[in-house]
Amino acid sequence: MKVYLAHAISTTGEFKDSLRVAKRIRSLGYEVYAAAENDAINDKSNDPTPLDIYEADVFELLTSDIVVVNLSGGLQDGTITEVGIVAGYNEMVKLLEATQDPEFAIPIIGYTSNARLLQPQFYKGIPSASANHLTLGVIARWGEFVGDEEAMIEKLKELKGE
């Protein structure tokens, strides 16, 4: 089964963490597409266009069996776009197949690497972190937000029957 890892990769830390998480998911026996590993679009000396990036990632996204998304609550335009594309695909498949059967959809497993999202602190009513509720709704509709990385790994093990 192929997993598409939707993970922010703009900073060096995010990029390296994406590689680490991809390796961890592979250790469970999954094939993994992590955009950070696609040098054709992420080695910027190749001068990829936005369309090059879109075509490369969307092909991998829509040919995946599962999408795992790390919601950090930070600036994640690409990651959120990936979630939206999968939701749109799933909605269209539902309409065309006239079914709610999840076997026809690409399930989304959401997790966060941001401890503040799991246990926010409040100062004068302002949370220390947040996640977009529309995005959380997409994940609730087409999968599950499981919590932290360990919970995501456990969910992937469960899906493999381990």
Side-chain angles (χ1 to χ4, degrees), residues 1-114 117 129-146 148-149 152-153 155-156 159:
M1 288 185 38
K2 179 178 164 186
V3 170
Y4 184 101
L5 178 60
H7 192 296
I9 60 173
S10 296
T11 69
T12 301
E14 291 167 334
F15 187 91
K16 289 180 179 178
D17 193 50
S18 175
L19 299 175
R20 180 191 64 76
V21 173
K23 182 178 179 181
R24 192 161 182 214
I25 294 170
R26 279 189 193 101
S27 75
L28 300 175
Y30 287 95
E31 176 187 347
V32 178
Y33 175 81
E37 298 173 329
N38 186 341
D39 288 339
I41 59 173
N42 282 304
D43 177 347
K44 299 311 177 191
S45 67
N46 291 331
D47 199 23
T49 67
L51 188 55
D52 293 334
I53 295 165
Y54 173 84
E55 288 174 347
D57 283 350
V58 170
F59 173 80
E60 296 295 338
L61 185 61
L62 295 180
T63 59
S64 293
D65 300 298
I66 301 169
V67 172
V68 170
V69 58
N70 179 3
L71 295 177
S72 69
L75 182 61
Q76 294 184 272
D77 295 349
T79 304
I80 302 307
T81 299
E82 292 161 335
V83 171
I85 289 169
V86 172
Y89 170 83
N90 286 346
E91 291 292 341
M92 185 56 66
V93 167
K94 180 185 79 169
L95 287 172
L96 293 174
E97 298 292 332
T99 181
Q100 298 282 335
D101 190 335
E103 104 177 56
F104 294 102
I106 300 171
I108 303 170
I109 299 171
Y111 79 101
T112 187
S113 58
N114 184 342
L117 281 177
S130 66
N132 183 282
H133 281 215
L134 176 59
T135 304
L136 291 172
V138 167
I139 293 169
R141 173 72 174 95
W142 295 110
E144 179 180 1
F145 183 83
V146 295
D148 63 9
E149 183 177 319
M152 177 269 292
I153 293 294
K155 183 67 177 180
L156 288 173
L159 291 174

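Throughout, numbering of the chain's residues begins at 1 and tracks the sequence.
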Can you see which heavy atom on [X] is nearest to which on [Y], and at what distance?
X: Val138; Y: Val83; answer: CG1-CG1, 3.5 Å
X: Arg24; Y: Ser27; answer: O-OG, 2.6 Å
X: Tyr30; Y: Ile66; answer: CE2-CD1, 3.9 Å
X: Ala40; Y: Pro48; answer: O-CB, 4.0 Å
X: Ala35; Y: Asp57; answer: CB-OD1, 3.8 Å
X: Tyr4; Y: Glu60; answer: CD1-C, 3.7 Å

Verify, without hydrogens or angle tests, whether [X] (side chain) and [Y] (backbone) share a donor-acceptor contact under 3.5 angstrom.
X: Ser64; Y: Val3; value: no
X: Gln76; Y: Ala6; value: no
X: Asn90; Y: Ala87; value: no
X: Asn132; Y: Leu134; value: yes

Between [atom1] on residue [X] and [atom2] on residue [Y], distance to nearest 0.5 Å:
X: Glu82; Y: Leu61; atom1: CD; atom2: CG; result: 6.0 Å
X: Leu28; Y: Met1; atom1: CG; atom2: CE; result: 11.5 Å
X: Thr81; Y: Ile53; atom1: OG1; atom2: CD1; result: 12.0 Å
X: Leu5; Y: Ile109; atom1: CG; atom2: CD1; result: 11.0 Å
X: Leu51; Y: Ile41; atom1: CG; atom2: CD1; result: 11.5 Å
X: Ile25; Y: Leu156; atom1: CD1; atom2: CG; result: 5.5 Å

Query raised in the report: Under the side chain to side chain contact (heavy atoms under 4.5 Å, CB included) criterion, do Asn42 and Ile9 qualify, and how do the steps go?
Result: CA-CA 9 Å; Asn42 282 304; Ile9 60 173; 3.7 Å; yes
Query raised in the report: Do Phe145 and Thr135 come close enough that some side-chain heavy atom pair is under 4.5 Å?
Result: no
Query - With Phe15, the side chain to side chain contact (heavy atoms under 4.5 Å, CB included) member among Thr11, Leu19, Thr12 - result: Leu19
Query raised in the report: Got a sec, which residues hit salt bridge (charged side-chain N to carboxylate O under 4.0 Å, His left out) with Lys23, two or more places apart in sequence or on another chain?
Result: none
Report task. Verify side chain to side chain contact (heavy atoms under 4.5 Å, CB included) between Tyr111 and Val68, making sure each step is shown before the conclusion. Result -> CA-CA 8 Å; Tyr111 79 101; Val68 170; 3.7 Å; yes
Query raised in the report: Would Tyr89 and Val58 satisfy side chain to side chain contact (heavy atoms under 4.5 Å, CB included), going step by step from the backbone distance to the final call?
Result: CA-CA 11 Å; Tyr89 170 83; Val58 170; over 6 Å; no
**Report entry** Pairs involving residues 8-20, ordered by first then second residue, that meet salt bridge (charged side-chain N to carboxylate O under 4.0 Å, His left out) (sequence neighbours left out)
**Finding:** Asp17-Arg20, Arg20-Glu149
Query raised in the report: With a 3.5 Å cut-off and no angle check, do the side chains of Tyr33 and Asn38 form a donor-acceptor pair?
Result: yes
Report task. In sequence, state the C-alpha distance, the side-chain angles, and the governing distance for Leu71 and Ile139, and then conclude on side chain to side chain contact (heavy atoms under 4.5 Å, CB included). Result -> CA-CA 11 Å; Leu71 295 177; Ile139 293 169; 3.5 Å; yes
